[in-house]
Structures are given as C-alpha cells and as structure tokens.
Amino acid sequence: MSRKRSFYNIYRKLMSAYGPQGWWPVSTVKMTAGDTLLLRDGYHPRNYTLPESDEQRFEICLGAILVQNTNWLNVPPALKALRQKGLFLPDKLAEAENQQIALAIKRCGYYNQKARYLKHIAKFFRLHPFSELEQEPLDEIRNKLLKIKGIGPETADCILLYAFKKCSFVIDAYTVRIFSHLGLIDSAVSYHELKGLIESELKPELEVYQEYHALLVCHGKLHYRRKPYGSGDQLLLP
DNA sequence: CGCCAGGGCCTCA
DNA sequence: TGAGGCCATGGC
C-alpha cells in the first residue's frame, strides 16, 4: 500500500483542509474569556477536555441515538425538548412514558424506536454510573454497550470515543464510502475489519480519533452523498 | 418536489 | 452472516 495513502496521510489532508471540528457537540459549553464565563451551543474546537460532567456525557449518549440515520440539525431541538420535560437524567428518562419521550424527539424520525432505545440506555446508566464504567477496559465497556438494544457498533464507538474518551475508532457510512472510493479498502468490508485496519495504523491518540471521524463526516457531507460521488477524492489523493 | 440523513433490529435464507 | 425490509421526520 502506498505510503501516501496511509490513514495518517489522509487525516493530515483533511485536517489542513477543514480544521478541527470540535466533536462531539454539547449544548452548554463553558468557555472563559478573561473574567467572563461564556455559554455557547454546539461545537468546541480545540477543547478536548469535554465532556466535563455526567450530564454532558449523558447528553452525548442521547445524541448518539437520536442522530442515527438522521440529520444532526434535528438533534439539539430534541435534546432541548427532553430537557424541558425534565427527562435529562437517567432516573427520570428511565421511568418516563414512551409516548412522552417520542413526542419530544419526534423531529429526529423513528421516534417510537428511539424512545425505547433512550429508555434502555437510561436504565443502563442508572445501573452503571459513568464513574464506575470508565474504570473498565475499553472492550468490556464496548461489549456492555452493544448489549443494549439500539446501540450498534457505530453508536457504541461514538459513546466510547466522545463520552468516555476511549480510543475506539468510529466507522460510519461516509468512512466506508471515502476509503473504498480512494481504493484503500473494499466497499464490502465489515465494520470490525475496517476498524481493526485503521486502529492498527493509528496510535491511540484521543484528539486524532475524535477529529478523524468528525473530519470524515465533514468531508463526506460535502463530497460523498449517496449518489453520485463528487470529486472530493482530488483533495485526498496524492 | 424527491432524495437523503453522523443506524440498528428483525427476519429469513 | 448477509441481504433486505422496516422504522419516519425534516433539511435542502
């Protein structure tokens, strides 16, 4: 395999083209400018200390479910609606009526399914606090997450990478499209296989893992929509 | 308008 | 174990 097509090389090209993406977006980012405390929504470029609270970690988990096969723009309003209904704590969400949750998250689509999924994850975190889970090895957390209905490989890896800050590479549809279109992989590659291939090259650096996935989504949105692919490969090819 | 979105579960070969 | 159907609203 050409050295210039290594995953690191593509990462560098994406980063120089788009800059840091600041994933995962959380709704209340505290930033200090001099003496004043700024609260702003959304992204947090170059701030890799987040999440800083259990609520922010929980928010990332909820967002990871809500964004499944859905435009991210629908997620913050849904999270806000859940918050306004007082459902932003695992204890509350776990006991809420499905219909009440569904109403709050309606705009994200698949709302009946996702309402159930959110309750599952709420019950999980009620049982296993973050502070306990994060002590466990990555693979043990991952296996526990994968047992929850509604959490598949990608969602589990998003939660691991952005909520638990564990170096678990996230594979999504854009990742497969981009790397297969560039000739690095076969488009029929399995999730597990591609994840292993990428992780075997990348050193376990949190910022790289976090930004790489975000950059692939950024680039994918611009050039790798379902059909037909644009000419985004010109940016990445040697 | 029609296509698509930062998937995952279930079923059936 | 993999392909296919299903879930569903909102953005552009």
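Keep in mind it's a predicted model, so treat the numbers as computed, not measured. Proteins get letters first, then strands, A, B, ... in listed order; numbering begins at 1 in each.
- Distance CD1/A/I101 to NZ/A/K114: 14.0 Å, rounded to 0.5 Å.
- Within the nucleic acid shown, A/K114 has no heavy atom closer than 4.0 Å to any nucleic acid atom.
- Of the side-chain N and O atoms in A/Y110, none sit less than 4.0 angstrom from OP1 or OP2 of C/dT9.
- Checked against a 6.0 Å centroid threshold, the rings of A/F164 and A/F130 count as neighbours.
- To the nearest 0.5 Å, atoms CG (A/N69) and CG (A/D172) are separated by 11.5 Å.
- Applying the Watson-Crick and G-U wobble criteria (two distances, each under 3.5 Å), C/dG11 pairs with B/dC3.
- Taking atom P in both B/dG8 and C/dG10, one finds a spacing of 22 Å when rounded to whole Å.
- Atom CD1 in A/I101 sits about 17 Å away from atom C1' in C/dA8, given to the nearest Å.
- Atom OH in A/Y111 sits about 9 Å away from atom P in C/dG10, given to the nearest Å.
- Between A/R107 and the phosphate of C/dG11, there is a side-chain N or O to OP1/OP2 separation shorter than 4.0 Å.
- Comparing B/dG7, C/dA8, B/dA5 by their nearest atom to the side chain of A/N112 picks out C/dA8.
- Backbone-only engagement by A/G152 is indicated by non-hydrogen atom pairs under 4.0 Å involving sugar-phosphate atoms exclusively.
- Along DNA chain C, the nucleotide closest to A/K106 and the one closest to A/L73 are compared, and the more 5′ of them pairs with A/K106.
- Between A/L145 atom CG and B/dG8 atom P there is a gap of 12 Å when expressed in whole angstrom units.
- The distance from atom CG of A/L103 to atom P of C/dA8 is 14 Å, rounded to the nearest whole Å.
- In this structure, the NE2 atom of A/H213 is 12 Å from the C1' atom of B/dG7, given to the nearest Å.
- Using a 4.0 Å heavy-atom distance criterion, A/L215 is classed as making no nucleic acid contact.
- Taking the side chain of A/R226 as heavy atoms from C-beta on, and the options C/dT9, B/dG8, B/dA5, the nearest nucleotide is B/dA5.
- Note on A/I65: nothing from the nucleic acid sits closer than 4.0 angstrom, heavy atoms only.
- Across all strands shown, C/dG2 forms a Watson-Crick or G-U wobble pair, both distances under 3.5 Å, with B/dC12.
- Listed nucleotides C/dC12, C/dG10, B/dG7 differ in distance to A/N74; the shortest reach to its side chain belongs to C/dG10.
- Note: the hydrophobic cluster containing A/V176 also contains A/L182 (ILVMFWY, side chain heavy atoms under 4.5 Å, direct or indirect links).
- Contacts of A/T155 with the nucleic acid, taken as non-hydrogen atoms under 4.0 Å apart, involve only primed sugar atoms and P, OP1 or OP2.
- Contact between the side-chain N/O atoms of A/R177 and the OP1/OP2 oxygens of B/dA5 is found at a separation under 4.0 Å.
- Remark: P of B/dA5 and OH of A/Y174 are 5 Å apart, rounded to the nearest angstrom.
- For A/N69, the side-chain atoms get nearest to C/dA8 when compared with the rest of C/dA8, C/dG11, B/dC10.
- Residue A/Q113 is classed as a base contact, given a heavy-atom separation below 4.0 Å to a base.
- Minimum atom distance to the side chain of A/K149 is reached by B/dC10, of the listed B/dA5, B/dC10, B/dG7.
- Partner of A/H219 under the ring-ring contact (aromatic ring centres under 6.0 Å, His included) criterion, out of A/Y18, A/Y174, A/Y11: A/Y18 alone.
- A side-chain donor-acceptor contact under 3.5 Å links A/E211 and A/Y48.
- The distance between atom CG of A/L66 and atom P of B/dG8, rounded to the nearest whole Å, is 13 Å.
- What separates CZ of A/R116 from C1' of B/dG7 is a distance of 14 Å, to the nearest Å.
- Of the two residues contacting DNA chain B, namely A/L146 and A/A64, the nearest-nucleotide position lying further toward the 5' end is that of A/A64.
- Between A/H213 and A/Y209, the distance separating the two ring centers is not shorter than 6.0 angstrom.
- A/N71 comes within 4.0 angstrom of a base, heavy atoms only.
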